[in-house]
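What follows is a short report on a single structure.
When a residue number appears, it is its place in the shown sequence, counting from 1.
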Amino acid sequence: MSSQSCLLNLFPVEIIHLIFDYLSTCDILHGFVNQSLYLDSIVFNYNFYRINFRSILKTDFDLICEQIPAKNIISLVLSDEMDTPGQSNLFFSLRKLEDFHVSLRSLTLYNLNLQSIELILNQLDQFNNLSSLTIINDTSISFETYQYHLFRFVRLKISCECFFHNLMNLPRLKYLTITNPCTFHQLNSILSYSPNLNSLNLSLEHENGIHIQQSICNLTQLIVNMTQCPMNMTYMKEFLNWFPNLKFLEIECRSDLDLCDGYEWETFLSNQIPNLKIFHFKFQLRSTIIINTNGIQNILRSYSSSYWLNEKRWFIAIEWNRRLVYSIPRYLCESADSDFRRPLNCTIKDESIFYNHINALAIWGESNDYFPNVKELWLVDDPLVINLESMINFNQIERLVFSSKLHLSIDTLFNLIKKMKNLSSIQFYHLPSSFNEYKQNVSFEQIRSIEFSREIKSISLIQILNEIFPRIQRLTMKINSFDEIEKIFQTFSSSLSIVCFHCDTSTISTTNENLFQKIFNHSNFTFSIQSNSIHFWIGSKNITEKILNQQVKEKKKRKLFQCFSWCSSKKYQIQQ
């Protein structure tokens, strides 16, 4: 037993539950199970698991399905996207949907197949406590027989087509996100049929004028994208007059110059929306607008009053070359290159905010600027001729990408990886030419994801890569033929879980499943075939038997719960 688990045995259940609230389910299972009977009892009695299966490793998916009963899960995210093909069908073969009817409060579905969507929608009325539903699907869903269930939800995130089909009163709805553009007419319907709506997030399409017939709305949060609607201050006031109770407002739109007048905004907001606490905006000015330096300074001055800087502490920046006026830090740039220059016109004095906000950086030359929070680094020039340490914090880097122009030596590559303690993902265009001749015993177990932009023709090179990166879980690469798949899987890391091969898939079909079973030596995997790629989601060989014995184990766990339900008592803590 580790010293950490010994210490945790002294903590009451409530404190450990608070810790669990900040951890993923996988972190809890990997970190707390089999440490002590006391911790096991807490893990398996915790009833607030939030399960997110999007882009999850197959091994972690299997572990959760094996260990966590449905009655302990309050939030569930399912995904049939390309990195987890066939997930929903597999999940429903392992778990009965009715087991979630009582416990589940939130359900999110990413691009599920229509069969799984229909299975869930047919049972919507049986989820006693489900109050939040998110459906993100590239294909259209027929909501004809299910739409009347929407009245039960407090929180919804769905497409325009789903929401407006046979729209009915939604008295419980408080949080709504529409994932594709709506018209102003449809906005009227939203406000009419959702009288208790607190938060609305949507995009609006262009219409002639703004027509809102609904009485004044009680919304406290509004996020609206109007980039398809050219706006001026008159239209904007007419629109926002219907939302006098807002505390949070975020707007993106194409705008006339008058919309960038801070004095006008100050007067309007003070009088019409006096409770507004947070105001984010991004105004994209029309290309025909011409303005000189004095005009830019006038705009800047209008946002420099005591109202903006002291009372509200709302700051803005102007990038006239991009014709943008926007709030900071909300709309600050998050990606940059070594030619990055902060906006010259802004109302904030602390210049470091512009550099601190950059999390993805492409470097092709020297820079005098320092970017402390870069997590994704793109190298275009040889790092030997660039003083990288003066530009970035190596310990922040999680993903490293090498450009097509860069030809590194293997020693340079390894030195970079050694400096980046938190690096977990690498994308290569060219592999160092000396890889084949490298004889030193070097391995980097922290690297879990590798992507190759070009085909690797040598199996011996793949063997070397597997020795250097022995714990790869995610792999993306190009191949020439189906025959190479077997060689790669037989050679590369046994930890592989999410794999994408870019290739001609015209000769590959679902009938190849038996061949894949021979390659993996088990059947614990799924795959999908796209027009120019094949995607695998691979689990552990031994998990199949575990899943078959799952019911037996759950019965044992229930006995464990009963035997150790007293574990949180002080008596147990003293004994420990």
Side-chain angles (χ1 to χ4, degrees), residues 121 132-256 258-259 268-269 272-273 276 279-284 286:
L121 295 180
S132 175
L133 176 66
T134 297
I135 301 178
I136 308 295
N137 250 63
D138 294 335
T139 56
S140 59
I141 303 167
S142 174
F143 237 75
E144 291 184 11
T145 58
Y146 319 114
Q147 200 274 346
Y148 71 94
H149 295 310
L150 297 185
F151 81 94
R152 303 174 55 248
F153 293 105
V154 173
R155 186 184 298 269
L156 277 175
K157 184 176 182 179
I158 55 177
S159 69
C160 187
E161 292 84 359
C162 295
F163 185 82
F164 289 107
H165 184 85
N166 294 327
L167 190 60
M168 60 185 296
N169 283 325
L170 304 170
R172 296 189 62 196
L173 189 62
K174 292 186 177 181
Y175 307 92
L176 175 64
T177 298
I178 303 291
T179 57
N180 52 345
C182 302
T183 64
F184 281 97
H185 175 73
Q186 288 171 325
L187 174 59
N188 276 319
S189 298
I190 291 173
L191 301 178
S192 298
Y193 287 96
S194 310
N196 296 310
L197 198 63
N198 287 339
S199 175
L200 178 60
N201 185 339
L202 79 168
S203 297
L204 289 172
E205 293 181 323
H206 173 70
E207 286 185 325
N208 293 325
I210 296 174
H211 310 285
I212 300 181
Q213 290 86 34
Q214 172 65 16
S215 60
I216 290 177
C217 180
N218 292 318
L219 273 183
T220 58
Q221 175 169 296
L222 176 62
I223 301 173
V224 58
N225 185 310
M226 307 168 97
T227 52
Q228 300 184 45
C229 311
M231 297 293 290
N232 58 36
M233 198 64 186
T234 301
Y235 281 166
M236 186 62 75
K237 288 180 180 179
E238 183 182 348
F239 174 68
L240 292 178
N241 273 332
W242 296 101
F243 310 103
N245 299 310
L246 287 177
K247 296 181 180 179
F248 182 106
L249 175 61
E250 182 173 311
I251 302 170
E252 284 190 63
C253 67
R254 290 167 51 204
S255 72
D256 286 346
D258 65 343
L259 201 57
F268 173 74
L269 295 176
Q272 301 302 120
I273 314 179
L276 194 65
F279 181 31
H280 300 314
F281 58 85
K282 183 178 180 180
F283 300 145
Q284 177 72 64
R286 291 185 292 107

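Distance check, rounded to the nearest 0.5 Å: CD1 of Ile158 to CZ of Phe153 gives 9.0 Å. Note that CZ of Arg286 and OG of Ser255 are 8.5 Å apart. Values are rounded to the nearest 0.5 Å. Remark: Met231 CE to Glu238 CD distance equals 8.5 Å, nearest 0.5 Å. Between the OH atom of Tyr235 and the CG atom of Leu259 there is a distance of 13.0 Å, given to the nearest 0.5 Å. The distance from atom OG of Ser203 to atom CG of Asn180, rounded to the nearest 0.5 Å, is 8.5 Å. Rounding to the nearest 0.5 Å places CD1 of Ile223 at 9.5 Å from CG of Leu249.
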Review item, side-chain donor-acceptor pairs of residues 195-202, under 3.5 Å, at least two apart:
from: Asn196; atom 1: ND2; to: Pro171; atom 2: O; distance (Å): 2.8
from: Ser199; atom 1: OG; to: Gln221; atom 2: NE2; distance (Å): 3.1

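Not counting sequence neighbours, the partners of Phe279 by the ring pair (Phe, Tyr, Trp, His ring centres under 6.0 Å) test are Trp265, Phe281, Trp314. In this structure, the side-chain contact (heavy atoms from CB on, under 4.5 Å) partners of Thr179, at least two apart in sequence or on a different chain, are Ile136, Lys157, Ser159. By the ring pair (Phe, Tyr, Trp, His ring centres under 6.0 Å) test, Phe268 pairs with no residue at all, sequence neighbours left out. In this structure, the side chain to side chain donor-acceptor pair (under 3.5 Å) partners of Thr227, at least two apart in sequence or on a different chain, are Asn225. Partners of Asp258 according to the side-chain contact (heavy atoms from CB on, under 4.5 Å) rule, which considers only residues two or more places apart in sequence or in another chain, are Asn232, Met233, Asp256. A search for side chain to side chain donor-acceptor pair (under 3.5 Å) contacts involving Lys237 returns Glu264, not counting sequence neighbours. Applying the side chain to side chain donor-acceptor pair (under 3.5 Å) criterion to Asn169, with sequence neighbours excluded, gives no partner residue. In this structure, Gln284 has no side chain to side chain donor-acceptor pair (under 3.5 Å) partners at least two apart in sequence or on a different chain. Every residue two or more places apart in sequence or in another chain that forms a side-chain contact (heavy atoms from CB on, under 4.5 Å) with Arg155 is listed here: Ser132, Tyr175.
Sorted by first and then second residue, the salt bridge (charged side-chain N to carboxylate O under 4.0 Å, His left out) pairs involving residues 241-251 (not counting sequence neighbours) are Glu250-Arg330.
Contact annotation: the side chain of Leu222 approaches that of Phe239 to within less than 4.5 Å [non-hydrogen atoms, C-beta and beyond]. Looking at Gln272 and Pro244, their side chains never come closer than 4.5 Å, going by heavy atoms from C-beta outward. Contact of the Leu191 side chain with the Phe243 side chain is registered, since non-hydrogen atoms from C-beta on lie closer than 4.5 Å. Residues Leu121 and Ile135 meet the side-chain proximity criterion, which asks for heavy atoms closer than 4.5 Å. Side-chain contact check for Met236 versus Met226: some heavy-atom pair is nearer than 4.5 Å. Residues Pro181 and Gln228 meet the side-chain proximity criterion, which asks for heavy atoms closer than 4.5 Å. Within the 4.5 Å cutoff, the side chain of Leu204 has no heavy atoms near those of the Thr183 side chain. Taking 4.5 Å as the limit, some side-chain heavy atom of Gln186 sits within range of a side-chain heavy atom of Cys160.
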Would Thr220 and Asn218 count as a side-chain contact (heavy atoms from CB on, under 4.5 Å) here? Give the steps. CA-CA 6 Å; Thr220 58; Asn218 292 318; over 6 Å; no
Worked check of side-chain contact (heavy atoms from CB on, under 4.5 Å) between Val224 and Leu187: CA-CA 11 Å; Val224 58; Leu187 174 59; over 6 Å; no
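A side-chain donor-acceptor contact under 3.5 Å links Arg172 to the backbone of Arg152. With Asn245 contributing its side chain and Leu219 its backbone, the two residues share no donor-acceptor pair below 3.5 Å.
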